[in-house]
Amino acid sequence: MEVGLHSPWEKLIRPGMVHGSLYSDATIFKEELEKIWFKTWVYVGHDSEVPNLNDFVTKSIGPMPVLMVRNQHGEINLLLNRCPHRGNAVCVQDKGNRKSFTCPYHSWTFANDGKLMNYAFPEGYAGTDKSGLGLAKVPRVANYRGFVFASMAQDGPSLEEHLGGARRTLDQACENSPTGELDLSAGFLRHRARANWKFILENECDGYHPAFVHSSIFSVADSAIGSLYGNDAVAVTRGFGNGHTEVDPRPEFRRRDQPMSWFGTTAEKLPEYTAQMKSAYGDKRARQIMIDGMPHVMIFPNLFIAEIQIFVIQPVSAVESIQHVTAIQFKDSPEINRRLRQQTMGSVGPAGFLLADDTEMYERNQRGLEIRSPEYLYLKRGEHRERRDDDGFVVGHSTDDLPSREIWKHYRTLMEAC
């Protein structure tokens with residue numbers, strides 16, 4: 001398809017405006033799966049979730065289930081969870097440790113590297129070549145600092161090319177750990193929303209809503225986070241290209257010049273963690289890391305690092321999504337990890353306020369699209385004050401619509417591609 005004037009996407013995605021059908025049309029959703037979820041790099045899981053030989057966890061690429069397995073040789077494989085015989089799922093457990101998987105329908109058994117080991121009543125398959133009957137593997141798998149990404153495309157840009165400038169936010173996250181490593185084995189909560197996945201994608205770095213939607217939790221928790229999202233805020237939004245966006249609060253935290261302000265505490269209240277950081281990085285570098293804190297970044301299309309937790313977006317249909325959420329843990333840092341878990345449960349746990357607030361907004365947005373006019377959503381806030389930072393990335397005020405505009409720009413490029 002020729003890009004530009006002859007593209008149907010030109011009508012649906014205009015400068016600063018997007019058509020409501022993009023959030024609800026089943027045909028568009030099906031095309032998104034092919035051109036985004038099954039073609040680009042998608043975050044699947046973290047290598048700390050399968051620390052031992054033969055560990056596995058069930059994950060997904062879009063709505064498609066996969067098994068992330070550390071096989072008997074220590075390699076991380078991504079296997080499609082579909083028996084090649086009749087299509088049954090070979091594993092329905094969330095996680096475990098297995099050297100093999102056996103399909104419950106006809107008892108075909110596969111090694112955890114995907115190879116077909118045997119089938120029931122083998123005399124019926126006399127002379128059959130087993131080599132082409134194993135579990136399918138995801139064609140491309142790449143690991144960046146423990147974050148495991150997958151692409152269903154046989155070729156294309158490398159993961160590092162895909163991440164581009166957003167790589168530094170993953171580095172930033174890891175640097176907050178004294179060992180330089182994260183641990184995402186605390187377990188995931190699943191939150192289902194009756195909303196299109198792109199409403200969630202845009203919301204994660206939307207700095208215009210927190211002062212209103214989250215005012216209750218900010219007041220109850222006596223949090224200073226709300227000040228990052230006001231007219232006088234010095235925090236910025238940033239587009240890294242390729243649809244990756246962030247809210248960068250470092251300018252505000254550097255103005256405060258207090259280690260651990262990003263976490264709502266002080267370094268003195270975390271003496272063990274502070275000592276670990278100084279031992280790992282030296283006093284000066286440790287202090288700067290603890291001032292800057294963790295990133296608030298949305299890695300397109302599905303990985304959201306929200307300072308103390310990670311969200312993974314899973315599209316289910318054009319009007320339904322699941323968010324998988326876990327507490328970030330720093331490897332071998334029990335003191336701060338305990339508080340990270342506690343704060344995560346308070347904000348996004350079953351009785352938490354934060355995600356409940358957001359989900360209510362997603363679902364209201366989705367219901368609002370049933371109203372046919374106006375046809376377009378308006379995303380022009382802050383267009384007049386966009387600028388480039390020293391690295392050439394476009395930035396705006398923390399309350400601007402810049403992240404949404406950057407997401408839709410990349411989305412259109414992907415959807416127009418043949």
Side-chain angles (χ1 to χ4, degrees), residues 3-5 7-23 164-166 168-169 196 198-215 218 224-256 292 295-301 304 306 358 361-362 364-365 368-369 371 373-416:
V3 177
L5 293 177
S7 167
W9 299 99
E10 184 180 40
K11 180 180 178 181
L12 295 173
I13 305 171
R14 297 176 177 178
M17 300 178 76
V18 295
H19 197 271
S21 64
L22 290 164
Y23 299 91
R168 74 121 179 107
T169 63
N196 184 272
K198 296 186 295 299
F199 273 133
I200 302 173
L201 176 71
E202 292 180 272
N203 181 79
E204 309 302 32
C205 287
D206 176 284
Y208 197 22
H209 79 277
F212 319 113
V213 175
H214 303 308
S215 59
F218 289 157
I225 297 298
S227 63
L228 301 175
Y229 305 104
N231 267 338
D232 298 328
V234 295
V236 299
T237 51
R238 178 176 287 106
F240 290 110
N242 292 341
H244 312 312
T245 61
E246 75 167 344
V247 175
D248 184 359
R250 291 178 302 168
E252 174 61 27
F253 295 143
R254 289 172 178 177
R255 184 167 69 173
R256 298 177 188 179
D292 287 349
H296 187 104
V297 61
M298 183 68 234
I299 305 292
F300 186 92
F304 176 39
D358 281 333
M361 294 300 109
Y362 309 147
R364 288 189 186 190
N365 290 344
L369 293 181
I371 302 170
S373 182
E375 291 185 65
Y376 289 84
L377 305 186
Y378 187 82
L379 302 174
K380 294 190 177 184
R381 178 176 172 81
E383 268 190 339
H384 64 286
R385 54 186 178 188
E386 287 185 6
R387 57 185 175 82
R388 296 280 174 177
D389 66 13
D390 292 341
D391 296 314
F393 299 122
V394 60
V395 296
H397 189 265
S398 61
T399 65
D400 288 348
D401 287 332
L402 183 148
S404 287
R405 291 193 293 271
E406 289 293 296
I407 287 167
W408 284 108
K409 184 188 303 181
H410 183 59
Y411 175 94
R412 179 176 167 181
T413 297
L414 295 175
M415 297 300 281
E416 285 181 329

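Bear in mind that the values here come from a model prediction, so they are computed numbers and not experimental data.
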Exercise for the section: Test side chain to side chain contact (heavy atoms under 4.5 Å, CB included) on Phe300 and Leu201 and set out the steps. Expected result: CA-CA 8 Å; Phe300 186 92; Leu201 176 71; 3.9 Å; yes
Practice task
Give the C-alpha distance, both sets of side-chain angles, the deciding distance and a yes or no for side chain to side chain contact (heavy atoms under 4.5 Å, CB included) between His244 and Arg238.
Solution key: CA-CA 9 Å; His244 312 312; Arg238 178 176 287 106; over 6 Å; no
For [X] and [Y], which heavy atoms make the closest approach, and how far apart are they?
| X | Y | result |
| --- | --- | --- |
| Asp389 | Asp391 | OD1-N, 2.9 Å |
| Pro403 | Cys205 | CG-O, 3.3 Å |
| Leu379 | Val18 | CD1-CG2, 4.0 Å |
| Tyr229 | His296 | OH-CE1, 4.1 Å |
| Ser404 | Glu202 | OG-OE2, 2.9 Å |
| Tyr208 | Thr399 | CB-O, 3.5 Å |

Completion exercise
One should read off an interatomic distance between Leu402 CG and Ile407 CD1, to the nearest 0.5 angstrom, of 10.0 Å
Handout entry: Rounded distance (nearest 0.5 Å) linking atom CG of Leu377 with atom CZ of Phe199
Key = 6.0 Å
Do [X] and [Y] come within less than 4.5 Å of each other through their side chains, counting heavy atoms only?
| X | Y | result |
| --- | --- | --- |
| Asp292 | Arg254 | yes |
| Arg405 | Thr237 | no |
| Asp400 | Arg385 | yes |
| Thr169 | Ile299 | yes |
| His209 | His214 | yes |
| Lys198 | Tyr411 | yes |

Handout entry: Which residues share a ring-ring contact (aromatic ring centres under 6.0 Å, His included) with Phe240, sequence neighbours left out
Key =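 Listed in chain order: Phe393.
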Problem - Asn231 versus His397, side-chain donor and acceptor atoms under 3.5 Å - result: no
Exercise for the section: Indicate whether any N or O donor in one side chain lies under 3.5 Å from an N or O acceptor in the other, for Glu406 and Thr245. Expected result: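 Per modelled atom types, Glu406 and Thr245 side chains form no pair under 3.5 Å.
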Problem - Pair Arg388-Val394, side chain to side chain contact (heavy atoms under 4.5 Å, CB included): steps then yes or no - result: CA-CA 5 Å; Arg388 296 280 174 177; Val394 60; 4.0 Å; yes
Problem - Over 12 foreign heavy atoms within 6.0 Å of CZ, Phe304 - result: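 Count over threshold, so yes.
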Practice task
Please work out which of the three classes, parallel, tilted or perpendicular, describes the rings of Trp408 and Tyr23, given edges at 30° and 60°.
Solution key: perpendicular
